[in-house]
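Computed from a predicted structure; not experimentally measured. Just so it is clear, the values below take in all heavy atoms, side chains as well, and ignore hydrogens, waters and symmetry mates. Numbers for residues simply follow the sequence, beginning at 1.
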Amino acid sequence: MPPDGKPIPREIEKFDAETIYNLFGSFDAETEAPEKFQDYFVNNSFYEKFSADFPLRIAVGNKGTGKSAILRAALLDEKKRGSDVCVSLTVSDLMFRTQELPTNEIKAINHWKSVFAAEAASHLLTSRWFGDSDADASAAMRSLSELLSWIARLASSKSGGATDVGIKAGLDINKIRRITFYIDDLDKGWDGRREGARFVNSILNACYEMAKNEKNIRFKIAIRWDLWDAISSINSDIDKIRQNVVFLRWTNHQIYVVVANRIAKYLGINFDYNLYLGEERTQSEIERIFDPILERTFYGYGKWDKSPTRRVILSMTRNRPRDLISLLTLAANAASDNKRSTINHTDLQNIFPKYSEERLGDLIVEYGTRLDGLKALLLSFKPSNASGPAIEKFRFTNDRITKHLKQFISQYSATVRFRTEKQPPEFRSLLDFLYRIDFLQAWYREPDGTIRRVNFQDRQLAVVDSTEFGYSWEVLPAYRWAIQPTKIHDVIASLETPV
């Protein structure tokens, strides 16, 4: 139901820095205060699947989809229960204990078992007593009881027989029922090379091996989509591991609910987001939550003129909650500069170019290590000065996209390279890459004229099947201002009817 009768204030007092931060929250889960994080976190079907009682769970998604958030929420919930030991790790922690990873797969798995045993010991003991000479560490990871016995023996041997001296205060090692490792940032520093994918792949293999044999030693992992995709091509057991994966895929409607929940919490509005996560609830009901900070109608150009503002802002997201938070934060700052406490269409139009540049910059930083010359490739999609409908300037048939990419490869053959290859890429490889990183999306027209859009997370083989299924291609709206910064009206006109 809509907010429960409690009057929604017509406006907030002002958009100062503190108010904007409290309205929309942090861009990343790690820096949010625990209380506020738990207030703002939306417990959806992703989280239910991820926090389910299985020995291994892996959250896979693009940057900004909430991988770290879902990991942190599970960690905080488990700490509340108090019955389990939680060991939080990043790839930096794991690399700290890795001098040289064995090339043999079995030896690599045993190596990681020793590393995880060391991390568990460090978490439970008063000092870092574990050393490379402890040869039975790997064997200790066979079961929880063996691991705890090994830790107790280690504490006893290092403290002259006084095991209780070595165990951290308040811990009864005999009452520990489970140990859960929370591993984040596995993609940090990955440059697209196979060596990095093999490094992370060996960690996943070890976690899968341990979780398969002992349900009380558990692993919860967050990993970026493109790294997972790279690992999938080199892991012979990926079909077995995949059943433990939760893919984070947001609809625009769900993102709208996520941000509405944050605003409602700040304004003190009773808003049960669970009633609205399903598409059966209309967005016009949720729209009331935004009324104090956002004008309902957008006055723009072409088909966007007099459209609901909610549709306009959702058209600018890339199925990532962080996008809408970033956009509204920029718009609120623009409104503040004009001494307004409500975001209007002028504020949004003023920040669209900056927002678009930031999204394009994110893409270059995120994937530039995989493809040398990525920036030049993205900017090559700047529309020409040829006349014609604005929408067609950002759309490509199969023939047109083929011609465009072949011309680009010919022009930049000396500088454009995938990091894993020595030769210039083929046009279809570039098309597949642009589709995978969500710069291009596939689309087709239904018999009734309705346009259906498809992203890589929805259909991985769209590039392969493009001719058979009649797909065409278009640049996502979030990037259009960045590649056409001098013709703002053309960009707005290119967006057709907002979704």
Side-chain angles (χ1 to χ4, degrees), residues 62 190-197 225-226 229-230 233 318 353 356-357 359-444 453-456 459-487 490-491 494:
N62 286 321
W190 183 54
D191 62 359
R193 298 181 190 275
R194 289 187 181 275
E195 292 79 4
W225 174 273
D226 59 318
D229 192 42
S233 66
R318 301 170 297 166
S356 185
E357 288 173 5
R359 301 291 74 75
L360 194 73
D362 289 345
L363 208 62
I364 293 168
V365 170
E366 189 172 353
Y367 297 105
T369 53
R370 295 190 63 187
L371 178 70
D372 293 328
L374 176 60
K375 182 177 180 180
L377 174 61
L378 301 181
L379 294 180
S380 75
F381 284 86
K382 178 180 179 180
S384 67
N385 293 323
S387 60
I391 180 59
E392 297 305 323
K393 295 182 179 182
F394 294 96
R395 279 190 175 166
F396 299 82
T397 62
N398 266 313
D399 288 343
R400 188 178 165 213
I401 197 74
T402 298
K403 180 180 178 182
H404 177 88
L405 292 175
K406 284 183 175 179
Q407 287 178 343
F408 175 81
I409 293 168
S410 175
Q411 183 179 355
Y412 291 90
S413 60
T415 55
V416 174
R417 293 284 189 284
F418 284 109
R419 290 288 178 89
T420 57
E421 299 176 3
K422 295 181 179 180
Q423 299 298 321
E426 304 240 338
F427 81 90
R428 193 166 291 277
S429 297
L430 284 186
L431 176 57
D432 186 62
F433 182 70
L434 291 168
Y435 177 60
R436 284 170 182 265
I437 68 175
D438 283 340
F439 179 76
L440 294 178
Q441 61 184 345
W443 68 275
Y444 63 95
R453 292 178 172 86
V454 180
N455 296 315
F456 177 71
R459 183 170 180 79
Q460 285 76 44
L461 299 178
V463 172
V464 176
D465 299 333
S466 57
T467 302
E468 181 181 352
F469 289 95
Y471 289 127
S472 294
W473 310 93
E474 66 180 359
V475 177
L476 263 70
Y479 304 117
R480 294 182 188 179
W481 274 270
I483 62 176
Q484 179 71 308
T486 58
K487 295 186 177 182
D490 272 4
V491 176
S494 77

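Residues I409 and E426 share a closest heavy-atom pair of CD1-C, 3.7 Å. Pairing each heavy atom of S413 with each of P424, the nearest pair is O-CG, 3.5 Å. When all heavy atoms of P425 and V416 are compared, the pair lying nearest together is CD-O, 3.4 Å. Here the closest heavy-atom approach between residue L405 and residue L377 is recorded as CD2-CD1, 4.0 Å. Of all heavy-atom pairs between I437 and L363, the closest is O-CD1, 3.4 Å. Residue S356 comes nearest to A482 through the heavy atom pair OG-N, 2.9 Å, listed as atom of the first residue, atom of the second, then distance.
When ring centroids are compared, F433 and F418 come within the 6.0 Å threshold. Ring pair F439/F381: centre-to-centre distance below 6.0 Å.
Here CZ of R436 is found 4.0 Å from CG of D229. Values are rounded to the nearest 0.5 Å. Separating the CG atom in N62 from the CZ atom in R318 is a distance of 8.0 Å, to the nearest 0.5 Å. To the nearest 0.5 Å, atom CG of residue L378 and atom CG of residue L371 are 8.5 Å apart. The CG atom of N455 sits 10.5 Å away from atom CG of L440, with the distance rounded to the nearest 0.5 Å. Note that CH2 of W190 is 5.0 Å distant from CG of D226, once rounded to the nearest 0.5 Å. Atoms CG and CG, on L360 and L476 in that order, are 11.5 Å from each other to the nearest 0.5 Å.
Using modelled atom types, no side-chain atom of Y435 and backbone atom of Q441 make a donor-acceptor pair closer than 3.5 Å. Looking at D372, its side chain never comes within 3.5 Å of a backbone N or O of R419 through a donor-acceptor pair. Within the 3.5 Å criterion, the main-chain N or O of K422 finds a donor-acceptor partner in the side chain of R417.
Ionic pairing of K403 and D399 is not present here: no N-O contact between side-chain nitrogen and carboxylate oxygen is shorter than 4.0 angstrom. Under the 4.0 Å criterion applied to side-chain N and carboxylate O atoms, R480 and E474 are assigned as salt-bridge partners.
Using a 4.5 Å cut-off on side-chain heavy atoms (C-beta onward), T402 and F396 make no contact. Under the 4.5 Å side-chain criterion, counting only non-hydrogen atoms from C-beta, S380 is in contact with H404.
With sequence neighbours left out, D362 forms a salt bridge (Lys or Arg N to Asp or Glu O under 4.0 Å) with R359. Applying the salt bridge (Lys or Arg N to Asp or Glu O under 4.0 Å) criterion to R400, with sequence neighbours excluded, gives no partner residue. With sequence neighbours excluded, the residues that form a ring-ring contact (aromatic ring centres under 6.0 Å, His included) with F408 are Y412.
Within a 6.0 Å radius of CD in E421, other residues, nucleotides and ligands contribute more than 12 heavy atoms.
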Stepwise side chain to side chain contact (heavy atoms under 4.5 Å, CB included) test for W473 and L434: CA-CA 10 Å; W473 310 93; L434 291 168; over 6 Å; no
